[in-house]
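See below for the structure under consideration.
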Amino acid sequence: MEETLRNSEEKYRRLVETLTEGIWVLDKDANTSFVNPRMAQMLGYTIDEMMGSICFISWMNRGG
């Protein structure tokens with residue numbers, strides 16, 4: 001059972017990390033809790049730069 005779960009999680013992780021669509025997950029306070037590589041690339045940031053930041057204040061307003 002645990003091996004099946006691990007395999008399923010690995011498939012999901014690979015899918016999310018290789019999608020051509022961006023995925024950006026925010027918590028209830030609008031902090032970034034997950035972003036896939038494509039979304040970070042689309043916005044011109046690294047995943048590390050985006051993680052934990054407040055989305056609309058620190059990202060959306062930067063460009064003016």
Side-chain angles (χ1 to χ4, degrees):
M1 180 72 171
E2 285 184 36
E3 184 176 342
T4 302
L5 179 59
R6 276 193 300 273
N7 289 339
S8 177
E9 288 173 344
E10 181 58 32
K11 286 178 188 177
Y12 174 77
R13 186 175 301 112
R14 270 184 293 180
L15 174 68
V16 168
E17 291 178 354
T18 59
L19 283 172
T20 58
E21 292 84 7
I23 299 174
W24 191 359
V25 179
L26 306 173
D27 67 14
K28 65 180 178 63
D29 298 316
N31 294 304
T32 300
S33 60
F34 176 82
V35 62
N36 73 339
R38 179 64 179 133
M39 179 57 82
Q41 179 187 32
M42 289 167 59
L43 296 174
Y45 295 97
T46 66
I47 292 172
D48 288 339
E49 288 173 320
M50 293 182 69
M51 287 303 298
S53 67
I54 298 174
C55 94
F56 294 104
I57 295 171
S58 60
W59 298 108
M60 300 307 217
N61 292 331
R62 275 195 183 173

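- A side-chain donor-acceptor contact under 3.5 Å links Arg38 to the backbone of Thr20.
- A donor-acceptor pair under 3.5 Å is formed between the side chain of Asp27 and the backbone N or O of Asp29.
- From Glu9, atom CD reaches atom OG1 of Thr4 across 11.0 Å, with rounding to the nearest 0.5 Å.
- Considering CE of Met1 and CZ of Arg6, their distance stands at 12.0 Å, rounded to 0.5 Å.
- A salt bridge links Arg13 to Glu10: at least one charged side-chain nitrogen sits closer than 4.0 Å to a carboxylate oxygen.
- Side chain of Asn36 to backbone of Ile23: a donor-acceptor contact under 3.5 angstrom is found.
- Under the 4.5 Å side-chain heavy-atom criterion for Ile, Leu, Val, Met, Phe, Trp and Tyr, Tyr12 and Leu5 are members of distinct hydrophobic clusters.
- The number of heavy atoms from other shown groups lying within 6.0 Å of CD (Glu3) does not exceed 12.
- Scanning both residues, Ala40 and Thr46, for their nearest heavy atoms gives CB-C, 4.0 Å.
- Judged by distance alone, with hydrogens and angles left aside, the side-chain atoms of Thr18 form a donor-acceptor pair with the main-chain N or O of Arg14 at under 3.5 Å.
- Annotation for Leu43 and Met50: closest pair CD1-CE, 3.5 Å, computed over non-hydrogen atoms.
- In the hydrophobic cluster analysis, where Ile, Leu, Val, Met, Phe, Trp and Tyr join through side-chain heavy atoms closer than 4.5 angstrom, Met39 is grouped apart from Val25.
- Side-chain contact between Pro37 and Ile47 is present, with at least one heavy-atom pair separated by less than 4.5 Å.
- Here the side chain of Thr32 pairs no donor or acceptor atom with the backbone of Leu26 at under 3.5 angstrom.
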